[in-house]
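Read the structure below first, then the notes.
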Number of protein chains: 2
Amino acid sequence: MSLSGIFPIDQWNFKSQSILKSIPTEDHDRLCVNMTVESYNKGDVIFKEGAVPSGIFYIQKGIVKKYKVDRDGREQIIYVAGSSELIGYHAILAEDRYPDSATAIEDCIIAFIPKEDFLEVLHSSVILSQRLLKNMSHEYAVLTNNISVFTQRTARERVAITLIVLREKYKNEEANEDTINISRSDLSNMAGIAKENLVRILKEFKTLGILYTEGRKIMITDIRMLAEISSYSNKTLKLR
Amino acid sequence: MSLSGIFPIDQWNFKSQSILKSIPTEDHDRLCVNMTVESYNKGDVIFKEGAVPSGIFYIQKGIVKKYKVDRDGREQIIYVAGSSELIGYHAILAEDRYPDSATAIEDCIIAFIPKEDFLEVLHSSVILSQRLLKNMSHEYAVLTNNISVFTQRTARERVAITLIVLREKYKNEEANEDTINISRSDLSNMAGIAKENLVRILKEFKTLGILYTEGRKIMITDIRMLAEISSYSNKTLKLR
DNA sequence: TCTAAAAACTGATAAATATCAATTTTATTT
DNA sequence: AAATAAAATTGATATTTATCAGTTTTTAGA
């Protein structure tokens with residue numbers, strides 16, 4: 001369906017991937033804009049790296065992975081976006097192709113705002129461009145942090161960080177606070193390690209009483225210890 | 001010295017870290033702003049991660065590394081900025097601390113624009129905020145690409161990519177096109193590998209006729225082969 | 001509810017990369 | 001130019017992580 005809807009810039013946010021950062025919502029402004037609300041099923045592709053962008057996406061409900069695929073087909077998840085996050089706008093602002101792909105990892109409801117309409121509100125609203133500048137600056141801090149995590153932390157630490165981040169995402173989505181419902185592949189692609197390695201580390205965490213699993217689902221029981229593992233080198237902890 | 005200077009937004013640019021991307025300069029606009037021009041010697045710290053930002057820095061000459069240091073003192077270089085690039089503005093826009101540190105890796109001449117003056121021109125100039133939005137969107141693509149490089153590429157490929165990026169930077173700085181003047185530590189911190197490993201890979205590249213060294217300096221002679229190594233898996237190349 | 005198919009898990013092994021302990025080279029200072 | 005300090009290099013080894021080849025478990029569809 002196509003409709004003219006509210007673009008609640010006071011509500012959307014770049015939810016932090018880092019444990020340390022969060023931005024408060026200070027502005028109170030709403031803009032009217034054309035949008036189409038669409039349903040996506042788990043596994044549906046929202047946009048693909050390299051495609052010419054036709055508009056931006058505002059996630060109303062659900063969880064989306066943003067990722068890059070290398071020439072051997074290996075996927076690296078860059079970011080996991082949830083409710084009230086805006087995706088796909090970088091390409092339009094940069095006047096370039098999408099730098100990454102987006103796929104629903106849960107059933108989603110997503111508003112699509114065509115490029116022209118987005119640019120129109122952007123040009124007419126100083127507060128929107130300010131908000132975007134702030135958002136992207138925050139994003140810079142998160143991505144920068146992620147680069148150092150990927151290069152300086154061990155697989156075990158990265159898994160711990162990944163679980164903490166995902167727990168926050170799922171907490172925002174559902175009432176059930178400590179359940180993460182994600183495939184082992186996605187989890188390993190987020191931590192940037194081999195799937196088998198991820199499974200072994202999860203097993204280790206189970207033994208330590210940090211989490212338990214029910215089928216594919218992961219329930220975190222000791223977030224404190226997880227945080228400890230995420231920030232101390234395993235040289236110190238001697239986990240094996 | 002403190003003076004009122006020109007802020008040439010038609011000239012500054014986010015020089016790409018990626019081989020593939022570049023943004024053309026389309027706007028032609030110059031803004032008048034208060035600035036202090038300072039000299040920095042090689043090794044001088046420009047700003048430190050975690051510090052409250054007091055303004056932004058416009059590099060007029062020289063090369064600057066932006067990096068994060070982990071708790072064991074290991075440094076990861078996030079980006080190398082050169083002439084006509086703007087650094088330190090994310091923290092001000094995000095209303096947060098600096099997310100990374102900046103240090104001169106060559107003697108530099110850098111204009112400092114105090115926070116208030118920067119925000120003033122930003123609020124008075126639509127073209128500046130548009131330019132920043134575009135710049136940051138491009139930055140997003142580069143950082144995103146770097147994450148996939150760090151997680152999906154081998155040490156050898158990352159060194160090749162690092163050398164290609166640095167060659168571009170140094171080409172912009174000086175007439176001598178193919179000479180890179182950087183310490184092995186900085187190089188390894190950029191590629192995200194151990195120094196000893198970097199040295200061995202450089203030696204390998206020497207044997208392959210890709211480069212030669214004179215003391216600390218690196219001269220690239222076969223950029224084509226370097227590009228090949230950077231984009232093909234070494235499974236295919238069988239370099240060892 | 002049964003049954004493929006897909007995903008998760010396991011153990012063994014290989015490959016990549018880091019670390020350690022020197023030695024040599026380069027740069028800096030007097 | 002010599003002396004000193006810093007940086008680069010080397011070889012040996014340890015550690016981490018990936019890969020391979022199965023087996024088991026889970027999920028989704030008939």
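As the structure is a computational prediction, the values presented were derived from the model and not from experiment. Quick note on labels: first sequence line is chain A, next is B, and so on, each numbered from 1.
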Quick one: side-chain hydrogen bond (donor to acceptor under 3.5 Å, both in side chains) partners of Y40(B), sequence neighbours excluded?
none
Test of understanding: with ring pair (Phe, Tyr, Trp, His ring centres under 6.0 Å), list the residues that count as partners of F112(A), not counting sequence neighbours.
F57(A)
Under 3.5 Å, side-chain donor or acceptor atoms of residues 209-227 of chain B against the rest of the protein: list the pairs with distances, not counting sequence neighbours.
{"from": "T213(B)", "atom 1": "OG1", "to": "K206(B)", "atom 2": "NZ", "distance (Å)": "3.0"}
{"from": "T221(B)", "atom 1": "OG1", "to": "G209(B)", "atom 2": "O", "distance (Å)": "3.1"}
{"from": "T221(B)", "atom 1": "OG1", "to": "I210(B)", "atom 2": "O", "distance (Å)": "2.9"}
{"from": "D222(B)", "atom 1": "OD1", "to": "R224(B)", "atom 2": "N", "distance (Å)": "3.4"}
{"from": "D222(B)", "atom 1": "OD1", "to": "M225(B)", "atom 2": "N", "distance (Å)": "3.1"}

The helix from dT1(C)-dA30(D) to dT30(C)-dA1(D): angle between its terminal axes, five pairs each, to 10°?
60°
Calculate the interatomic distance between R74(A) atom CZ and dT19(D) atom P; express it in whole Å.
6 Å
Expressed as a whole number of angstroms, how long is the span from I193(B):CD1 to dT16(D):P?
19 Å
Tell me, please, which residues at least two apart from Q152(A) pass side-chain hydrogen bond (donor to acceptor under 3.5 Å, both in side chains).
none
Tell me the interatomic distance from I218(A), atom CD1, to dA8(C), atom C1', rounded to whole angstroms.
11 Å
Taking the six-membered ring where the residue is Trp, are the ring centres of F150(A) and F150(B) under 6.0 Å apart?
no
For K65(B), check salt bridge (charged side-chain N to carboxylate O under 4.0 Å, His left out) against everything at least two apart and list the hits.
E75(B), D186(B)
Residues two or more places apart in sequence or in another chain: which of them pass side-chain hydrogen bond (donor to acceptor under 3.5 Å, both in side chains) with S101(A)?
none
Summarise protein proximity over nucleotides 4-11 of chain D in one line of letters, 5' to 3': B for base, S for sugar-phosphate only, - for none, counting protein heavy atoms closer than 4.0 Å.
---SSBBB
Length of the CZ-P vector between R153(B) and dT17(C), whole Å:
13 Å
Return yes if some donor-acceptor pair links the side-chain N/O of R158(B) with the main-chain N/O of R153(B) below 3.5 Å, else return no.
yes
Whole Å only: how far is the CD atom of E204(A) from the P atom of dC9(C)?
14 Å
Most 5' of K217(A) and A194(A) on DNA chain D, judged by nearest nucleotide
A194(A)
Only counting residues at least two apart or in another chain, list the ones meeting side-chain contact (heavy atoms from CB on, under 4.5 Å) with S137(A).
H90(B), L93(B), A94(B), M136(B)
Rounded to the nearest angstrom, tell me the gap between atom CD in E214(A) and atom P in dA8(C).
16 Å
Which whole-number value in Å describes the distance from N41(B) CG to dA27(C) C1'?
17 Å
